[in-house]
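Residue numbers begin at 1 in each chain, while the letters A, B, ... track the order of the sequences.
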Amino acid sequence: MEIESQYSPQETEKKIYQFWMKNGFFKPEKSAPKKSKGTYTVVLPPPNVTGCLHMGHTLNVTIQDALIRWKRMQGYKTLWIPGIDHAGIAAQNVVEKNLRKEGVSRFDLGREKFIEKVWEWKQKYGDIILDQFKQIGISCDWSRTRFTMDKDYTKAVETAFEYYYNKGMVYRGKRVVNWCPRCQTSLSELELDHQEEQGSLWYIKYPLADDKDRYVTVATTRPETMFGDTAVAVNPSDKRYEKLIGKKLYIPIINREIPIVADQMIDQTFGTGAVKVTPAHDMADAEIGRKHDLEIIQVIDERAKMNQNAPVQYQGLKAAEARQKTIEELANLGSIEKIEPYTHQIPKCSRCNATIENMPSWQWFVKMEGPAKKALAAVEKGKIKFHPKHWENLYFSWMRNVRDWCISRQIWWGHKIPIWFCQTEPEKYFLSVKPPKKCQICKHCQPKQTEDVLDVWFSSALWPFATLGWPKKTKDLKTFYPTDSLTTGHDIVNLWVSRMIFSSLEMTGAIPFKDIVINAMVKTKDGKRMSKSLGTGIDPLTLIEKYGADATRFGLAWQITELQDMRFDEANIMAGKKFANKIWNAARFVGWQIGSEKIDVAKAPKPITDVDKQVLAELKALVRSTNEFLKNFEFGKAIQDIYHFFWHTFCDIYLEAAKKQINETQDKKLQSNTRNILMYVLVNSLKMLHIFMPFVTEQIYQLLPIKNKKKALIIENWPK
RNA sequence: GGGCGCUUGGCUCAGCGGUAGAGCGACUCGUUUACACCGAGUAGGUCAGGGGUUCGAUUCCCUUAGCGCCCACCA
């Protein structure tokens with residue numbers, strides 16, 4: 001073989017990937033043997049349309065590709081379905097931000113036009129993201145690529161909603177949400193930034209109703225919400241207030257009567273141990289309010305101004321202005337006991353930095369009691385396993401305390417909830433997936449669909465089966481479902497994995513997957529989060545360009561342990577590049593020793609010398625341990641062992657010995673046997689290496705003189 | 001506030017009841033007909049601190065400190 005002594009991934013990788021694609025090796029129909037050992041299915045956690053490839057994705061798909069390639073070579077009918085998530089508010093944000101550069105808001109455009117814009121974005125960037133994945137060399141069946149807003153997928157979403165609705169599991173309720181007064185939408189916790197602000201803690205005296213000379217002092221950072229107070233809460237075991245529980249207090253200024261209630265939640269050591277409860281404007285207070293059946297009085301509106309429930313002189317004031325006025329008025333009344341400086345975290349809108357207001361709003365919920373029970377049992381009984389196991393704790397703790405799922409969002413981009421409101425009786429509604437011909441309530445009005453959109457996770461929860469065609473009874477669904485393993489980060493165990501499990505049990509009656517592989521979070525060497533905005537992110541595409549995809553994959557796989565974080569060290573990628581070169585040169589040497597004679601590697605040659613014995617025995621042991629490691633999803637150990645064998649046993653010891661066994665003897669039998677062993681060990685090493693470093697290994701395979709060679713290494717038989 | 005994880009040679013990490021290993025890096029020597037992205041070696045750690053269990057602990061338990069993550073309703 002006339003080959004360069006330096007392996008250059010950049011030229012090879014593109015060529016090899018095209019070769020695989022052209023031959024359809026990623027498709028189960030083309031890659032599986034006629035008599036397959038069964039199926040092995042994986043669904044790719046769909047990246048957001050907004051995203052571009054980061055180290056987390058790279059690690060995540062490296063693992064999945066190793067599994068899929070391993071199973072494919074073992075003779076399973078393997079399918080790996082890729083796709084993209086429409087990413088709800090994240091996508092809406094990005095497009096909105098882009099529009100803002102042109103001085104246009106989404107409200108200027110209107111809903112229809114805006115959604116068109118998001119679709120344009122998706123068309124443009126969806127493919128870019130998938131191309132990035134291809135650069136890593138992953139073997140997804142691209143012909144089955146799905147998007148969570150595709151027509152068929154939308155059908156699945158509607159069917160799922162219908163299912164819950166018809167079973168009486170969907171309801172509408174008022175709940176305190178995070179509201180951005182500028183963006184006019186509720187936001188999830190993930191969409192908030194917390195900023196430290198210097199504020200004050202005001203100690204305000206609330207007089208007792210039956211004895212105006214006595215009072216209870218409450219501490220608050222938000223005095224202006226006092227007009228919405230419907231109780232004062234104390235800890236039941238707080239001696240100071242024991243005798244006051246159940247008595248009434250007056251809210252200063254407005255002199256409305258409110259009860260003193262007892263609640264475990266109250267921290268006796270904070271402030272005065274007595275808390276004003278404003279169920280409308282505080283999540284915690286809302287919880288207390290629910291427990292004690294308190295009235296909810298909203299005093300701040302959607303624009304963060306005081307509404308008609310506040311005293312007249314306050315109405316229309318911004319919350320901050322109202323606070324000032326409240327303090328002045330309280331001071332005049334002599335109701336302020338003291339003021340302490342207080343530093344606290346203020347929630348801000350991550351998009352526009354406006355201060356978030358908590359306020360009650362109507363939302364849609366799915367009852368979780370039934371689904372959670374089933375989902376819990378599936379993991380408890382071991383039908384679904386977490387790897388590493390301890391991650392199941394995260395799942396259990398969430399599932400055991402799960403609250404009803406708020407599935408509605410007040411954004412524009414997403415699946416519209418198929419609920420229609422009667423215009424005659426506006427409180428009444430009905431379900432209709434298609435625009436209804438007439439109102440099912442009053443039979444004569446023109447019903448209006450809710451503006452709300454479903455939580456993105458509602459649709460991603462259906463991913464394992466909706467990608468296979470559900471609710472249609474497709475051949476794919478029948479063949480490939482349930483899937484086998486799901487690989488993802490621990491950050492979305494509750495958001496996503498849990499929801500896939502119960503959704504699958506509800507919709508299909510089956511578990512969505514058997515094994516959940518939790519991959520580590522990739523952090524910087526100093527343990528910092530990798531983030532673009534912090535400038536701590538590392539772009540995997542740059543690494544691929546610099547060292548090659550094989551090296552990048554190797555470097556990441558090498559660092560896989562059971563830990564929750566991976567401190568990423570680029571040195572390992574460099575080691576990967578060296579290793580790729582080592583493999584390349586070992587193969588070059590073997591090819592050189594052999595010439596053009598085709599070697600049969602179907603069976604292991606018989607050893608003659610001690611080194612022969614050693615290398616063959618170690619290879620055999622390696623195959624066994626590698627299978628064991630992979631079965632247990634211990635990828636780091638697997639690649640480290642293969643590396644060690646290849647470099648130190650095969651190259652350092654056997655190759656050196658082989659030089660002597662071939663060149664320093666006249667023994668023809670020993671010479672040819674040594675050549676056979678060289679080729680045999682090389683090819684079998686390549687097979688195992690292939691699942692982590694697919695490109696170099698395939699390239700070498702293509703060049704080697706082997707008898708009865710398969711068309712490609714990717715469909716070769718896994719060593720026995 | 002609660003929960004979880006981590007703390008082992010310069011760096012990234014294994015390991016595990018009987019006084020420590022790998023890769024990278026460093027150093028020494030060697031090799032220029034597979035590979036200098038190489039080979040053969042060497043140095044380097046009181047296994048975060050304290051306490052306990054034990055014949056014996058890096059390994060088990062408690063505790064302190066630091067780091068990280070998740071959850072949460074400190075007004």
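Within 4.0 Å of A:Leu201, counting heavy atoms only, lies no atom of the nucleic acid at all. Residue A:Asp285 is out of contact with every strand shown, counting any heavy-atom pair closer than 4.0 Å. Within 4.0 Å of A:His644, counting heavy atoms only, lies no atom of the nucleic acid at all. Contacts of A:Ala586 with the nucleic acid, taken as non-hydrogen atoms under 4.0 Å apart, include base atoms. Within the 4.0 angstrom heavy-atom criterion, base atoms lie near A:Leu655. Across all strands, A:Trp584 comes closer than 4.0 Å to no nucleic acid atom at all (heavy-atom distances). Heavy atoms of A:Trp391 sit nowhere under 4.0 angstrom from any nucleic acid atom. A:Lys659 comes within contact range of at least one nucleobase, with a heavy-atom separation under 4.0 Å. As judged by a 4.0 angstrom heavy-atom cut-off over every strand, A:Gln564 is placed among the base-contacting residues. Among the heavy atoms of the strands lying under 4.0 Å from A:Tyr643 are primed sugar atoms or P, OP1, OP2 only; no base atom is included. Counting any heavy atom pair closer than 4.0 Å across all strands shown, A:His648 reaches sugar-phosphate atoms only and no base atom.
Across all strands shown, B:U58 forms no Watson-Crick or G-U wobble pair with both distances under 3.5 Å. B:G25 is unpaired under the Watson-Crick or G-U wobble criterion, no partner having all donor-acceptor distances under 3.5 Å. Pairing for B:C69 is with B:G3, a Watson-Crick or G-U wobble pair whose two hydrogen-bonding atom distances lie under 3.5 Å.
When the side-chain nitrogen and oxygen atoms of A:Arg588 are compared with OP1 and OP2 of B:C35, one or more of them lie within a distance under 4.0 Å. Here A:Lys582 reaches the OP1 or OP2 of B:G39: one of its side-chain N or O atoms lies under 4.0 Å away. The phosphate of B:G39 (OP1 or OP2) has a side-chain N or O of A:Trp647 nearer than 4.0 angstrom.
By the 4.0 Å N-to-carboxylate-O rule, A:Lys338 lies close enough to A:Glu340 to be salt-bridged with it. Ion pairing of A:Glu562 with A:Lys637 is absent here, as no side-chain N (NZ or NE/NH1/NH2) approaches a carboxylate O to less than 4.0 Å. A salt bridge links A:Lys546 to A:Glu570: at least one charged side-chain nitrogen sits closer than 4.0 Å to a carboxylate oxygen.
Side-chain proximity of A:Thr561 to the nucleotides B:G25, B:C13, B:G39 is greatest for B:C13. Here the nucleotide nearest the side chain of A:Val275, chosen from B:G25, B:G15, B:A75, is B:A75. Nearest to the side chain of A:Ser5, among B:C35, B:C67, B:C6, sits B:C35. Taking only side-chain atoms of A:Asp565, from C-beta outward, the nucleotide of B:A34, B:G68, B:A75 with the closest atom is B:G68. Here B:G23 is the nucleotide among B:U12, B:G23, B:A34 with the atom lying nearest to any side-chain atom of A:Trp558. In the set B:G15, B:A34, B:C73, the nucleotide with an atom closest to the side chain of A:Lys637 is B:G15. Closest to the side chain of A:Leu563, out of B:U12, B:G5, B:G68, is B:G5. Relative to the side chain of A:Asp569, the nucleotides B:G68, B:C11, B:C24 differ in distance, and B:C11 lies closest. In the set B:C38, B:A75, B:C70, B:C70 carries the atom at the smallest distance from any side-chain atom of A:Leu394.
Rounded to a whole Å, the CG atom of A:Asp282 is 13 Å from the C1' atom of B:A72. Rounded to whole Å, atom C1' of B:C70 lies 12 Å from atom NZ of A:Lys523. Straight-line distance from the CG atom of A:Leu682 to the P atom of B:C35: 16 Å, rounded to whole Å. Between A:Met566 atom CE and B:A14 atom P there is a gap of 10 Å when expressed in whole angstrom units. Following rounding to the nearest Å, A:Met574 (CE) and B:G25 (P) show an atom-to-atom distance of 9 Å. Whole-Å rounding puts the A:Ile573 CD1 to B:C24 P distance at 14 Å. Rounded to an integer number of Å, the gap from A:Arg400 CZ to B:G2 C1' is 16 Å. Rounded to a whole Å, the NZ atom of A:Lys660 is 16 Å from the P atom of B:G39.
Under the side-chain hydrogen bond (donor to acceptor under 3.5 Å, both in side chains) test applied with A:Asp229, the options A:His281, A:Lys276, A:Arg256 reduce to a single match, A:Lys276.
Between the P atoms of B:G15 and B:U7, the separation comes to 10 Å (whole Å). Straight-line distance between the C1' atoms of B:A65 and B:G49: roughly 7 Å, to the nearest whole Å. Rounded to a whole angstrom, the distance from the C1' atom of B:G18 to that of B:U59 is 11 Å. Taking the C1' atom of each, B:U46 and B:G9 are spaced 13 Å apart, rounded to whole Å. With both ends at atom C1', the span from B:A43 to B:C27 equals 7 Å, rounded to whole Å. Atom P of B:A48 sits at a distance of 13 Å from the matching atom of B:A14, rounded to the whole Å. B:G68 and B:C62 have their P atoms separated by 24 Å, given to the nearest Å. For the P atom pair drawn from B:U8 and B:G50, the interatomic distance equals 16 Å after rounding to whole Å.
With the nearest nucleotide of RNA chain B identified for both A:Phe579 and A:Ala571, A:Ala571 has the one nearer the 5' end. Toward the 5' end of RNA chain B, the nearer of the two residues A:His490 and A:Gln593, judged by each one's closest nucleotide, is A:Gln593.
Scanning all heavy atoms of the two residues, the minimum distance from A:Phe568 to A:Ile573 falls at CZ-CG1, 3.6 Å.
A:Trp584 has its ring centre no less than 6.0 Å from the ring centre of A:Phe579. The aromatic ring centroids of A:Tyr395 and A:Phe386 lie less than 6.0 Å from each other.
No side-chain donor-acceptor contact under 3.5 Å links A:Asp285 to the backbone of A:Asp282.
Ring planes of A:Trp558 and A:Tyr643: perpendicular class, angle over 60° (limits at 30 and 60°).
At a cut-off of 3.5 angstrom, counting only N and O atoms as typed in the model, there is a donor on one side and an acceptor on the other between the side-chain of A:Glu656 and the base of B:A34.
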